[in-house]
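Report on one structure; see the data block that follows.
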Amino acid sequence: MTKKGWLYWLFFLALFAAPFYLTEFRLSLLGKFLCFAMIAIGISLIWGYTGILSLGHGVYFGLGAYCMAMYLKLESSHGRLPDFMEWSGVHQLPWFWKPFEHPLVAISSAIIIPVLLAAFLSYFTFKNRIKGVYFSLLSQAVVVVFVTLFIGKQEWTGGTNGLTNFSTVFGFPLSSPFTQIILYWITVCLLLLIFLFSRWLTVSRFGRVLVAIRDGENRVRFLGFNPTTYKVFVYSLSAAFAALAGIMFVLQVGLISPAMMGIIPSIEMVLWVAVGGRSSLIGAVIGAIVTNSAKSFFSENYPDIWLLFLGGLFIGVVMFLPNGLAGVYQSFKQRKGQREGKTHEAGSHVSRSVGGF
Amino acid sequence: MKPVLMCREVSVDFDGFHALQGVNLEVYPHEVRFLIGPNGAGKTTLLDVICGKTRACRGKVLFYSHDITKMPEHKIVRLGVARKFQSPSIFHQLTVWENMELALKQDRGLFAVLRAKLSREDRDTIIAVLQRIQLFDYAEQKAGSLSHGQKQWLEIGMQLIQFPQLLLLDEPIAGMSEAERERTGELIHEIARNCAVVIVEHDMDFVRRFSKQVTVMHEGKVLCEGTMEDIQKNEKVVEVYLGREEKAC
Amino acid sequence: LSGCAASSAVDEMKEKTKETNTSETGDTVKVGILHSLSGTMAISEVSLRDAELMAIEEINESGGLLGKKIEPVVEDGASDWPTFAEKAKKLLQKDKVVAIFGGWTSASRKAMLPVVEQNNGLLWYPVQYEGMESSPNIFYTGATTNQQIVPAVSWLLENRGKKFFLLGSDYVFPRTANKIIKAQLRAEGGQLVGEEYTPLGHTDYSTIISKIKEMKPDVVFNTLNGDSNVAFFKQLKDAGITAKDVTVMSVSIAEEEIRGIGGDVLAGHLAVWNYFQSTDTPENKVFVEKYKKKYGKDRVTDDPIEAAYFAVHLWAEAVKKAGSFDVDKVKKAADGIEYKAPGGTVKIDGETQHTWKIVRIGEIQPNGQFKELWNSGKAIKPDPYLKSYPWAKDLN
Amino acid sequence: MLSVQNVTAGYEQSVVLENVSINAQKGAVTAVLGRNGVGKTTLIKSIIGLIKPMAGKIEWEDEDITSLPPEERVRKGIGYVPQGREIFSTLTVEENLLLGFEALSKKVNPAQILAEIYELFPILKEMLHRKGGDLSGGQQQQLAIARALIGQPKLLLLDEPMEGIQPSIVQLIRDVIVKIAKEKMVGIVLVEHSLDLAFSCADYFYIFDRGTVVAQGRVSETNMNDIQQFLTV
Amino acid sequence: MSVVITQVFNGFSLGSILLFVAIGLAVTFGLMGVINMAHGELIMVGAYMTYVVQQIFAKYAPQSMGYYFFIAIPVAFFVSALLGWGLEKILIRHLYHRPLDSLLATWGVSLILQQIARTIFGAPNVAVLPPEWLDGGVRIAGVVFPYKRLFILVFVILSIFALYIYLTKTPAGRRIRAVTLNRDMASCLGISTRKVDAYAFAIGSGFAGLAGCALTLLGPIGPTIGTYYIVDAFMVVILGGVGKLIGTVLGAFGIGLVSTLMEYSTSATMAKVMMFALIIAFLQWKPSGLVSVKTRSLD
Ligand SMILES: Nc1ncnc2c1ncn2[C@@H]1O[C@H](COP(=O)(O)OP(=O)(O)OP(=O)(O)O)[C@@H](O)[C@H]1O
Ligand SMILES: Nc1ncnc2c1ncn2[C@@H]1O[C@H](COP(=O)(O)OP(=O)(O)OP(=O)(O)O)[C@@H](O)[C@H]1O
Ligand SMILES: NC(N)=O
Ligand SMILES: [Mg+2]
Ligand SMILES: [Mg+2]
């Protein structure tokens with residue numbers, strides 16, 4: 001336990017120190033990947049622990065990002081109408097854009113709107129006992145609805161182009177390395193907080209209820225728990241993580257478009273978690289970083305055929321590492337444990353040990 | 001005395017098949033009520049209706065003074081109705097200990113569970129129950145790797161630890177050896193000191209040994225009620241259920 | 001992971017130490033090529049990469065630029081806009097390229113725009129687009145609206161009829177284009193009988209074709225993009241509507257797209273461009289021959305391919321004139337630079353950084369080639385904001 | 001006939017059976033007894049092929065079948081009624097029964113076999129078009145037995161076949177077991193908890209504890225009370 | 001009136017295409033439970049096979065060009081089926097007890113297949129010229145019914161009928177359903193589950209190939225066409241109800257009719273938004289689709 005704890009701290013320390021050993025470009029990539037890691041933690045919570053596979057987290061990520069981007073767009077328009085509205089024949093700032101002039105409103109709605117949407121959708125869906133692949137595909141339908149709407153309502157959202165070309169945030173120039181490093185550190189801190197919070201959730205009794213729901217939702221009912229409440233809660237929580245990731249993403253990448261909230265990115269989010277190991281929080285984080293690094297690496301070095309490598313990576317992980325990268329570590333540990341632990345009887349100690357991390 | 005459970009004219013239809021047709025049943029505190037009857041008589045369905053898994057199309061189910069006919073399952077459980085299913089239904093991915101921990105009588109609200117800590121008493125209770133169901137040595141094992149009979153025991157344990165007021169057991173001793181049946185029977189009577197128990201069972205030796213009041217169901221209706229002796233004399237019961245040999249015993 | 005981060009850190013560190021301002025150390029200079037080689041846009045963009053690589057090869061064969069060989073760094077934008085931004089950043093910051101040739105969709109350009117501006121890079125964008133933009137760090141070698149859409153509408157009003165039906169994909173270019181067309185129709189006496197947008201990738205046009213049948217327009221002005229065109233034209237033909245009944249004027253269908261639809265299906269319909277493979281200039285003969293020789297005789301050239309090709313040459317001319325690869329110097333030198341492109345002489349307009357181009361309207365032949373029906377005779381000055389058109393005043 | 005020789009078997013992490021040897025003869029009922037969790041089901045699963053033994057050998061009609069997949073063992077005449085019924089829940093009762101014919105490689109007259117089965121289990125005929133999963137527990141158990149009988153096995157593995165069946169039908173099934181053993185010379189391996197029941201129809205018995213055979217013998221030569229000790233804790 | 005007829009016909013026509021892209025998925029996903037993200041790419045393979053057959057005809061038998069389609073149909077079916085068979089043998093086989101992992105692996109497969117297609121056939125679209133005898137249409141009461149649309153409608157109805165008979169009336173179909181329900185038990189009844197799995201997956205894949213063949217009549221043929229249909233195909237299957245062919249049929253025609261109607265009265269974009277919103281709402285009301293197979297088992 002303590003050894004594992006050390007590894008965690010070392011890992012986050014390495015992330016913290018990244019600005020000192022990475023170039024600006026690599027740092028900006030890592031910053032982006034850490035945003036993805038936040039989403040991955042949320043997905044690990046709902047998928048790995050609770051058994052809900054959402055193929056629609058792009059929407060929550062996107063909504064969070066759009067809310068933040070609306071603020072940035074207004075800030076960089078200096079009181080004028082955002083450029084894309086001008087081309088689209090809008091003459092006045094739409095009413096729902098107005099509140100986003102205030103950064104606090106923008107940031108809080110960047111979290112609240114996705115969470116409300118997630119809570120609303122999941123409440124009905126889970127109450128009506130839609131689950132398994134039905135839920136997964138339904139969440140995909142939600143993606144289609146939002147992406148099509150965001151593309152179609154060009155005059156309000158910037159259409160396919162999305163929102164881009166921001167200059168400053170709270171007066172600091174977004175392009176300056178200093179701002180970028182600060183934003184990076186904020187991202188690392190948020191990731192750490194999300195990680196610690198999720199870990200606390202999963203090792204508590206709450207975490208065991210989640211696993212029980214994954215194992216057999218109906219049985220949980222007959223123990224007196226209402227699975228709907230639990231599922232809505234974790235689902236909304238994971239939406240909040242995705243939204244937070246969206247905020248940090250926009251700040252660091254300077255762009256959000258419907259393509260980022262579409263079906264493919266939503267599926268990719270799940271893939272990160274699968275690669276890392278779905279029922280392991282740190283696995284999810286590592287999965288997000290590794291998968292995206294691999295994607296960058298392959299596409300930079302083999303721009304023509306990198307899809308073959310990426311596809312191969314996914315297949316390879318599924319075939320040979322059923323529990324993802326975290327599974328490798330665990331089975332290694334287990335094998336070691338088996339060698340050492342043969343001596344004392346199983347079950348002789350009732351001390352609580354919690355599976356996975 | 002007020003009955004714990006009162007079923008009034010409960011009927012259930014499955015696409016035109018009448019699985020239950022106006023069943024009346026009253027169970028009193030501390031009673032161990034056996035429910036027997038031919039395969040397909042509707043025993044499991046009746047238990048399903050009581051615990052909210054299946055909805056009655058007619059009739060009423062009262063638990064003390066609560067009308068639970070249309071209540072969601074988890075609320076019925078929180079009132080104090082526990083159910084053991086015919087085939088073991090435990091959480092395979094959790095350890096035996098964790099299964100027990102979830103079943104503990106507790107506030108099952110989201111925020112309560114978030115804050116929940118395992119208290120000393122809870123731990124002692126779990127250990128006591130585990131020892132009683134002989135799974136203490138398996139506490140750290142994943143429940144999925146237990147044998148059939150052990151799973152049955154675990155599920156019984158999970159019901160015990162809820163300290164319910166009404167316990168519904170669907171063939172609890174299926175797959176248990178004689179000695180274990182004996183122990184289960186004793187256990188059930190012990191439990192009955194604090195709650196009412198409804199048991200569905202096909203093992204007549206067991207029923208004979210541990211029953212006072214028996215209800216026989218047939219084709220979705222209650223055929224007769226009484227002690228095992230009374231029932232063995234009932235020609236109809238012999239014909240549809242017991243068979244000649246059993247009667248002879 | 002920390003291991004992986006560390007190792008990448010090491011190679012970054014090495015880079016950092018030997019880092020200088022540009023990549024022009026030694027005897028090569030790097031340029032970036034950034035198109036979608038995968039994803040839905042690859043159907044169009046892969047050919048642009050080919051054209052650009054061919055132009056670079058030509059320059060290298062003729063001795064390079066300022067004594068240096070050009071080294072292309074190819075990246076895949078993967079039909080995904082943030083990827084375009086990421087790769088542009090990588091090209092500028094890591095590879096220190098002196099210019100990027102890339103993009104197709106407006107969205108990809110918009111994504112790269114802040115990156116090239118913040119890093120003071122140079123992007124050459126080779127595709128016709130909706131105008132309303134002129135970034136100091138982008139050169140636009142495709143047509144802007146007054147070099148494609150506006151003349152086409154005038155021509156149609158004169159030659160084909162007044163009733164217009166507008167059909168486009170649901171994104172920025174078609175919507176903006178149609179806004180312009182509507183203003184122009186109002187000013188020049190046309191009539192709008194219908195306007196429809198379909199999501200990108202839409203493949204069932206039966207309902208829209210029914211609407212077209214009902215409205216009986218003289219012209220369908222088609223701003224559909226990509227694969228939707230295939231579905232639309234195949235289904236239009238099935239519904240029994242030929243070019244004789246209703247002419248479809250397209251702005252995104254060039255020889256490459258025709259190849260994927262079939263010339264038979266499209267025969268008789270029109271398109272407006274600045275270049276056709278059939279354009280009769282000596283430069284074009286050489287260009288088409290070379291392209292086919294290099295990439296296969298079944299390949300075709302078309303407008304964006306040509307624009308991508310001459311973009312590289314225009315840049316090279318500007319570099320020569322500036323005597324330096326420095327972005328600011330090249331930009332300054334670029335004003336007024338001319339190049340004998342396959343489609344005719346093109347010239348950079350320093351103010352807007354767009355190019356002067358000849359406009360051509362062609363009719364599609366069953367063999368997949370265009371027969372030119374009309375051209376503007378001389379190159380037209382780019383006017384991305386349509387400042388010189390009175391009817392376009394309140395467009396922005 | 002069937003001979004399990006020094007088999008060691010178990011699951012991923014645990015060894016359940018250690019060095020187990022048993023035999024079963026044609027025309028005889030061999031009872032396997034033991035407390036919960038001693039490995040009876042594991043033994044049956046090894047015989048049918050759902051579990052690959054880690055060591056040892058399984059022979060059937062003098063042929064080594066240790067490495068054959070279940071379907072081939074079944075086609076060689078081994079039938080199986082699993083613990084827990086394993087009915088195909090969304091298939092109708094009729095379809096479940098028809099699947100029983102998969103075990104037969106030779107041409108048969110299905111109508112005749114089905115008629116015999118319906119006579120044995122009339123309830124199945126009534127429920128022919130209902131989904132298997134909708135049947136009551138005991139009905140499903142009857143279906144599972146019927147399905148195995150249809151395949152006309154030469155060796156029938158029964159893992160607690162009486163679980164959840166009403167007393168009158170338990171008697172019936174017991175009679176059937178004895179009958180097919182004696183009349184059709186089928187070998188039967190019967191896992192059963194009730195000593196009474198097992199002894200009322202078995203010829204030979206094995207008692208398991210903790211994954212090994214602790215006692216065995218002929219039923220006719222054994223006093224029930226002597227072996228009670230193995231079955232209590 | 002003719003507008004109504006046209007729109008209803010358009011609805012059925014769209015429905016027939018949706019049904020076509022969903023049939024194969026109804027087998028591999030609906031029945032076998034494999035979330036096959038490469039389904040779209042199997043459609044793509046069918047489409048490219050049609051192109052290849054056409055090219056061969058154009059080169060070696062230009063005089064009988066009109067009949068290439070009859071060769072293309074079986075070729076598309078068998079090549080896709082073969083690919084599906086191989087896929088099952090190599091990959092899917094290991095994933096039956098981990099259904100959601102099949103999503104991940106088949107996603108990888110779809111990336112690879114797209115890239116391979118791009119390498120072999122080039123990135124741009126290729127053109128398949130439909131046989132001439134399918135040009136034009138019948139004109140009834142002033143409404144044109146294109147032959148191609150009618151052909152696809154008939155083709156898909158025949159396909160689904162054949163599949164229905166195969167699955168419900170033949171022992172082979174029964175075997176497939178048994179294996180997908182309980183692999184272990186099926187093998188204990190003497191069914192060789194490996195063979196059945198591979199056949200079933202191959203059949204589902206073959207139908208994807210047929211869909212690709214049919215789609216060449218109407219739409220683009222390029223490395224990414226699969227991506228256009230994959231989401232719709234899944235929607236059809238879940239709206240119809242997993243595990244029941246009749247549900248898939250109802251789902252396809254339902255979506256076809258409703259979305260054509262909405263597209264006519266609003267716009268294609270809004271129709272798409274509303275259609276998907278309706279599917280979401282509908283599933284709230286009927287959580288397991290139009291036609292569901294429920295049993296009383298606990299989960
Ligand atoms: N969902 C359903 N659809 C159709 N019929 C059903 C359904 N559920 C139960 N039945 C039928 O209702 C009848 C009663 O079933 P139930 O399970 O209550 O019997 P039971 O008394 O528990 O029998 P057993 O002793 O065999 O467990 C049976 O004939 C069964 O086939
Ligand atoms: N899938 C499994 N994975 C790991 N261990 C298992 C698994 N199934 C059973 N076991 C273990 O193997 C041992 C023997 O199980 P088995 O099912 O063979 O017992 P059994 O004698 O049939 O018991 P019962 O009478 O309860 O059915 C048990 O201790 C159980 O914990
Ligand atoms: N610029 C275009 N055609 O999107
Ligand atoms: Mg029952
Ligand atoms: Mg057993």
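The figures here come from the full heavy-atom set of this structure, side chains too, leaving out hydrogens, waters and symmetry mates. In what follows, chains carry the letters A, B, and so on, assigned in the order in which the sequence lines appear, proteins first and then strands, with residues in each chain numbered from 1. Computed from a predicted structure; not experimentally measured.
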Query raised in the report: Between A/Tyr235 and A/Tyr60, is the ring centre distance below 6.0 Å?
Result: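 Ring centroids of A/Tyr235 and A/Tyr60 are less than 6.0 Å from each other.
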**Report entry** is_close_aromatic(A/Tyr8, A/Phe12), centroid dist under 6.0 Å
**Finding:**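 Aromatic pair excluded; centres sit 6.0 Å or further apart.
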Query raised in the report: If you count heavy-atom pairs under 4.5 Å with chain A, which of B/Val81, B/Leu114, B/Leu79, B/Leu104 comes out on top?
Result: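 So the answer, after comparing B/Val81, B/Leu114, B/Leu79, B/Leu104, is B/Leu114.
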Query - Qualifying residue for side-chain hydrogen bond (donor to acceptor under 3.5 Å, both in side chains) with B/Asp48, from B/Lys43, B/Arg83, B/Arg55 - result: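 Of B/Lys43, B/Arg83, B/Arg55, side-chain hydrogen bond (donor to acceptor under 3.5 Å, both in side chains) with B/Asp48 is met by B/Arg83 alone.
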Requested in this report: Tell me, out of A/Arg221, A/Arg205, A/Arg214, who's got the most heavy-atom pairs with chain B below 4.5 Å.
Outcome: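 The answer is A/Arg205.
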Query raised in the report: Between B/Glu73 and chain A, which part of the residue has a heavy atom less than 4.5 Å away: side chain, backbone, both or neither?
Result: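 For B/Glu73, heavy atoms of backbone and side chain both lie under 4.5 Å from chain A.
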Query raised in the report: For B/Lys117, is it the side chain, the backbone, both, or neither that has a heavy atom closer than 4.5 Å to a heavy atom of chain A?
Result: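 Backbone of B/Lys117 only, per the 4.5 Å heavy-atom cut-off to chain A.
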**Report entry** Enclosure of B/Tyr28 OH (heavy-atom neighbours >12, cutoff 6.0 Å)
**Finding:**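 More than 12 heavy atoms, drawn from other residues, nucleotides or ligands, come within 6.0 Å of this atom.
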